[in-house]
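Here's the structure we're looking at; comments come further down.
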Amino acid sequence: MLQSAPNSAEARDILSLIHPQTNLVAHLDQGPEIMARGEGVYVFDKSGRRYLECAAGLWCATLGFSSERLAKVAYEQMRTLGYYHNYWHFAHEKSIDLAEQLLKLAPVPMSRVLFHNSGSEANDTAIKLAWYHWNACGQPSRRKIIGRDLGYHGTTIATISASGKPDMQRPFNLPLDGFLQTLPAHYYKFHESGETEEQYSTRLADALELMVLAERPETIAAFIAEPLVGAGGALLPPKTYFDKIQAVLAKYDILFIADEVICAFGRTGNMWGSTTYGLRPDIITCAKALSAGMQPISALLVGSRVYDSMLAQSRKYGNFAHGSTYSGHPVAAAVALEVLKIYDEINILDHVRTVGGYMLDRLDELRSHPLVGDVSGIGLVAGIDLVEDKASRRFFEPAGRIGSMVMQAARERGLLVRVIGDRITLSPPLIITQTEIDIMIREIRLTLDDVQNALK
């Protein structure tokens with residue numbers, strides 16, 4: 001076990017906390033790295049060492065890691081109305097204001113907003129609403145949910161079942177029955193020799209249609225997808241992908257849930273990833289950047305088709321029997337409203353397009369590195385595939401070993417990067433500057449050199 005002072009934060013952590021996505025046995029020896037404060041795109045550990053945070057924490061710290069302005073908004077709301085709920089016809093103005101604002105910003109016309117506290121809860125509820133809708137339509141056999149390999153939608157029982165993450169399913173006896181995954185949209189890794197992006201997209205759409213037919217269309221409730229795959233590796237959809245996928249969904253009358261938990265509010269250079277890639281969903285979920293990570297809040301934007309079914313069910317059953325204690329929390333809603341104001345004031349979309357374009361240009365310089373197979377990105381999100389052999393697109397075995405080496409080498413250089421499998425994913429705070437991007441690219445190159453030398 002880690003040797004440290006008995007009353008140190010590290011020792012108390014080991015004896016008290018369970019850490020998500022952490023090797024619990026290794027943690028007993030390794031212990032935590034305690035972060036003490038944030039400033040802009042940087043975080044500082046308790047010893048004062050500074051790290052450039054290249055993943056915005058968990059994709060969410062879009063405005064950096066501290067904010068006096070948002071702290072004041074939260075404080076004032078706590079002084080006025082620190083808590084109330086939206087149950088049984090009760091309301092407070094902050095949740096109303098935020099719902100109105102989200103409907104104005106929606107990428108396609110939406111009817112109503114339902115608040116929750118996390119992306120997982122929002123996606124879980126979206127799945128429930130798909131079932132609720134088809135029950136209202138007199139088609140209760142429509143229960144199956146189709147996700148994608150490498151897709152990720154949360155850690156509730158339903159959302160992880162919809163995800164294409166076997167490592168997060170098997171130890172918990174998941175996925176649930178009726179949750180399916182179609183082929184992943186990772187062109188670089190999975191395209192066949194000579195296959196164009198458009199041809200690859202056609203193959204994936206054909207595979208989806210074959211799955212629908214094999215399962216029978218009258219059993220399929222919804223298809224859930226992120227505009228770009230986030231926790232599966234910051235994977236961009238290949239050209240024409242969503243046009244072809246949505247044609248299949250329309251043909252068989254399958255609901256489309258757009259998981260915008262990562263993409264919404266500027267990450268791709270538009271307010272929504274759905275705008276960037278031409279999605280026309282029935283339900284949209286969002287979270288993370290809604291409050292810039294400063295408060296736990298998420299939202300579902302529900303289209304008129306599904307909302308009409310919700311009304312039909314309420315006429316039949318009475319109450320909409322769903323909700324959570326803190327949904328639409330006034331403090332979280334007040335902070336989210338202020339975050340949206342800040343995005344508008346600083347022209348966040350123009351900034352992301354300009355600085356994101358610069359980041360992608362600089363990342364292209366890494367293509368010549370021996371470990372780099374491919375670089376792809378849009379806005380302020382990008383991924384770097386690490387390969388053993390460029391010509392054959394052969395990845396390292398075992399998967400994840402090189403990724404772990406890169407994460408550790410980067411940390412030693414003062415960078416916090418996330419590596420998923422053997423793909424470096426970059427999603428820095430949206431306020432990052434060109435100067436800070438120069439630092440990030442320089443240190444990534446040096447990190448790759450360090451790992452290359454270690455392999456030799």
Side-chain angles (χ1 to χ4, degrees), residues 60 70 73-106 110-137 140 153-159 221-222 224 255 257 259-261 264 281-291 293-340:
C60 52
L70 295 177
V73 167
Y75 169 73
E76 290 299 329
Q77 184 59 46
M78 286 184 186
R79 291 181 68 241
T80 305
L81 182 67
Y83 170 75
Y84 214 70
H85 56 78
N86 288 325
Y87 282 45
W88 309 309
H89 308 286
F90 287 101
H92 55 82
E93 288 202 26
K94 294 303 181 183
S95 62
I96 298 168
D97 292 345
L98 183 57
E100 287 179 335
Q101 187 67 11
L102 289 173
L103 292 174
K104 290 177 183 176
L105 293 172
M110 287 281 141
S111 182
R112 298 294 192 280
V113 175
L114 174 61
F115 289 113
H116 278 299
N117 310 297
S118 68
S120 294
E121 289 173 273
N123 285 327
D124 192 275
T125 298
I127 291 167
K128 286 181 69 176
L129 289 183
W131 294 331
Y132 203 60
H133 165 77
W134 288 117
N135 286 346
C137 294
H153 305 290
T155 56
T156 66
I157 292 173
T159 56
I224 184 169
L255 293 178
I257 302 167
D259 175 354
E260 289 264 11
V261 169
D282 298 286
I283 301 173
I284 299 171
T285 62
C286 59
K288 298 184 184 290
L290 177 56
S291 68
M294 297 287 181
Q295 284 284 294
I297 187 169
S298 63
L300 294 87
L301 283 64
V302 179
S304 58
R305 180 185 183 193
V306 175
Y307 182 66
D308 287 347
S309 292
M310 295 172 71
L311 292 177
Q313 292 286 65
S314 200
R315 292 185 186 101
K316 182 177 181 179
Y317 295 108
N319 286 346
F320 172 54
H322 176 84
S324 58
T325 301
Y326 303 109
S327 60
H329 193 287
V331 178
V335 169
L337 281 164
E338 196 69 14
V339 166
L340 295 179

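Put simply, the side chain of His133 reaches to within 4.5 Å of the side chain of Leu255, judged on heavy atoms.
Remark: Lys94 NZ to Gln77 CD distance equals 5.5 Å, nearest 0.5 Å. With rounding to the nearest 0.5 angstrom, the CG atom of Asn319 is 11.0 Å from the OH atom of Tyr87. One finds the CG atom of Leu114 at 10.0 Å from the CG atom of Leu301 (value rounded to the nearest 0.5 Å). Here the NZ-OG1 distance, from Lys128 to Thr156, works out to 10.5 Å after rounding to the nearest 0.5 Å. Atoms CG and CG, from Leu70 and Leu337 in turn, are 11.0 Å apart once rounded to the nearest 0.5 Å. To the nearest 0.5 Å, the span separating OG on Ser111 from CG on Asp282 amounts to 12.0 Å.
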Practice prompt. Could you give me the CA-CA distance, side-chain angles and deciding distance for Met294 and Val339, then say whether side-chain contact (heavy atoms from CB on, under 4.5 Å) is met?
Written response: CA-CA 9 Å; Met294 297 287 181; Val339 166; 5.5 Å; no
Worksheet item: Should Asn86 and His92 be marked as a side-chain contact (heavy atoms from CB on, under 4.5 Å) after you check the CA-CA gap, both sets of side-chain angles, and the distance that decides it?
Response: CA-CA 8 Å; Asn86 288 325; His92 55 82; 4.0 Å; yes
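Looking at every heavy atom in both residues, Ser314 comes nearest to Phe320 through OG-N, 4.4 Å. Closest heavy-atom contact between Ala336 and Leu98: CB-CD2, 3.7 Å.
The environment of OH in Tyr317 is sparse: at most 12 heavy-atom neighbours from other residues, nucleotides or ligands sit within 6.0 Å. Within a 6.0 Å radius of CD1 in Ile157, no more than 12 heavy atoms belonging to other residues, nucleotides or ligands are found. With a 6.0 Å radius and a threshold of 12 heavy atoms from other residues, nucleotides or ligands, Glu93 has its CD atom at or below the threshold. Around the OH atom of Tyr75, the shell of radius 6.0 Å holds no more than 12 heavy atoms that belong to other residues, nucleotides or ligands.
Using the six-membered ring where Trp is involved, His85 and Trp88 have ring planes that are perpendicular, over 60° apart on the 30 and 60° scheme.
Listed by first and then second residue, the salt bridge (Lys or Arg N to Asp or Glu O under 4.0 Å) pairs that reach into residues 302-327 are Asp253-Arg305, sequence neighbours excluded.
Formation of a donor-acceptor pair under 3.5 Å by the Thr159 side chain with backbone atoms of Thr155 is found in this model.
Every residue meeting the side-chain contact (heavy atoms from CB on, under 4.5 Å) condition with Ser324, not counting sequence neighbours, appears here in chain and number order: His116, Asn117, Glu121, Ser327.
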